[in-house]
Amino acid sequence: MRSIQKRLILFFLSATAFTAALVAEGKEYFSIDGFQPALSLTFGVNDGKGFEHYRFLYQPQFELSSTYMSASAGLRAADRSLDAMTAGIWWPLRTARLRAGAGARYHFYYNDGKSTTHDILAGAYFEARPAAWFGLHIDTSYMFKARSLLEVEDSTTLLNHSIAFALKMDFHLPADISLHAGISSYEAFRYNVLCAPSFSAGISYEPQNMNLFFACEAVARYTDFFTNSAYYDSSEFRLTVGFRL
């Protein structure tokens, strides 16, 4: 644990020092201009076979993005459970086709009087767009999880230290349509240990002459995926409608 903490502290100090040196050369690496806020509402259906026993979900979310930073916050209401999350990424290192930065996120999960969970992540983020039609996103983080069992008197909080990662690709097509696919050990409102990844694929439509956007996504989840005992956990299908302010 101490080794992980030292590495995280070293990473953030190195990134801060390097960015400060670049700023000292007169380059601009942060600005309050150009932020694009967006509101979205997602409706989802789960097959109910996984660890989280729910069928339907409702997910409002707010996002704020620019070339310098990204931030988001949202809620998810499902059967007998409630989630809240907030996240932020700072992109101090950028070129015309690449950008890299550091980010953190927090997630809270309440399960119908049975348990509460706190998830805290901090790590490095990387995005590349080698062509106008293709984009790549990679991130890796240290994850701390604390779970309390509410039904057990005088129970101790269960602590877990893990690593989180995400690999996502998007493809921009004609007619304002985009496709995306990826594998990730976490989702916006779901944070499991490293060996329980989610596979996702989806399509979105955002007309250029409108502030609206629409998306649908399918997710398949597995447990112990990187071992010989890998098995299917659950699937989820989501529909999203959003508005850029």
Side-chain angles (χ1 to χ4, degrees), residues 38-63 71-87 104-121 141 143-160 162 164-166 168 180-205 212-225 229-243:
L39 289 171
S40 64
L41 181 61
T42 298
F43 302 92
V45 179
N46 189 283
D47 62 12
K49 297 180 180 180
F51 176 78
E52 301 95 346
H53 297 288
Y54 63 90
R55 284 288 186 177
F56 303 99
L57 65 89
Y58 309 92
Q59 181 179 306
Q61 191 163 333
F62 173 77
E63 296 182 358
S72 62
L75 298 171
R76 184 184 73 168
D79 303 343
R80 300 180 299 277
S81 67
L82 180 67
D83 297 73
M85 64 79 64
T86 183
R105 59 177 54 232
Y106 168 75
H107 168 249
F108 172 77
Y109 173 67
Y110 174 79
N111 183 19
D112 191 27
K114 297 179 180 179
S115 67
T116 60
T117 304
H118 301 269
D119 299 297
I120 301 174
L121 288 77
S141 301
M143 183 176 76
F144 171 76
K145 178 184 289 288
R147 174 170 292 173
S148 300
L149 304 178
L150 303 180
E151 294 182 327
V152 180
E153 294 184 2
D154 300 326
S155 66
T156 59
T157 301
L158 305 177
L159 305 180
N160 181 271
S162 183
F165 77 93
K168 301 177 182 178
H180 71 268
I183 176 175
S184 176
S185 66
Y186 70 92
E187 301 173 33
F189 296 95
R190 186 175 187 267
Y191 297 81
N192 279 358
V193 294
L194 182 64
C195 295
S198 301
F199 294 85
S200 62
I203 183 172
S204 61
Y205 173 63
L212 293 174
F213 60 91
F214 309 89
C216 63
E217 183 179 45
V219 180
R221 299 162 175 166
Y222 289 83
T223 301
D224 295 330
F225 185 79
S229 59
Y231 66 92
Y232 168 80
D233 180 76
S234 63
S235 293
E236 194 164 289
F237 182 77
R238 307 173 189 144
L239 293 175
T240 299
V241 57
F243 180 75

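Bear in mind the structure is a predicted one, so any value in this text is a computation, not a measurement.
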### Task
Please identify each residue that fulfils side-chain hydrogen bond (donor to acceptor under 3.5 Å, both in side chains) with Arg105, with sequence neighbours left out.
Tyr191

When you compare the side chains of [X] and [Y], does any donor N or O come within less than 3.5 Å of an acceptor on the partner?
| X | Y | answer |
| --- | --- | --- |
| Ser40 | Thr240 | no |
| Tyr106 | His118 | yes |
| Ser72 | Glu63 | no |
| Thr42 | Arg238 | no |

Is the backbone N or O of [Y] less than 3.5 Å from a side-chain atom of [X], with the two atoms forming a donor-acceptor pair by type?
| X | Y | value |
| --- | --- | --- |
| Asp47 | Lys49 | yes |
| Ser184 | Tyr186 | yes |
| Asp233 | Thr223 | no |

Report the distance from atom [atom1] of [X] to atom [atom2] of [Y], rounding to the nearest 0.5 Å.
| X | Y | atom1 | atom2 | value |
| --- | --- | --- | --- | --- |
| Tyr58 | Leu41 | OH | CG | 10.0 Å |
| Asn111 | Leu149 | CG | CG | 10.5 Å |
| Phe199 | Arg221 | CZ | CZ | 13.0 Å |

### Task
Dump the intermediate steps for side chain to side chain contact (heavy atoms under 4.5 Å, CB included) on Phe225 and Tyr232, then the final yes or no.
CA-CA 9 Å; Phe225 185 79; Tyr232 168 80; over 6 Å; no

### Message
Can you give me the closest heavy-atom contact between Leu39 and Phe62, atom names plus distance?
### Response
CD2-CD1, 3.5 Å

## Note on the structure
Taking every heavy atom of Ala164 against every heavy atom of Ser185, the minimum-distance pair comes out as CA-OG, 3.2 Å

Taking C-beta and beyond as the side chain, do [X] and [Y] meet within less than 4.5 Å on heavy atoms?
| X | Y | result |
| --- | --- | --- |
| Val193 | Asn160 | yes |
| Lys114 | Arg80 | no |
| Ser198 | Arg190 | yes |

#### Entry: Check against side chain to side chain contact (heavy atoms under 4.5 Å, CB included), Tyr109 and Thr116
CA-CA 6 Å; Tyr109 173 67; Thr116 60; over 6 Å; no

#### Entry: Tyr222 atom OH, neighbour heavy-atom count above 12 within 6.0 Å
no

### Query
What do the steps show when you test Phe237 against Val219 for side chain to side chain contact (heavy atoms under 4.5 Å, CB included), and what is the final call?
CA-CA 6 Å; Phe237 182 77; Val219 180; over 6 Å; no

### Task
I would like to know whether Met143 and Leu121 meet side chain to side chain contact (heavy atoms under 4.5 Å, CB included); could you show each step before the answer?
CA-CA 4 Å; Met143 183 176 76; Leu121 288 77; 3.7 Å; yes

### Query
Are Arg76 and Tyr54 in a cation-pi setup, meaning NZ or CZ lies under 6.0 angstrom from the ring centre and within 45 degrees of the ring axis?
yes

### Task
Could you check Lys145, His107, Arg147 and say which one makes a side-chain hydrogen bond (donor to acceptor under 3.5 Å, both in side chains) with Thr117?
Arg147

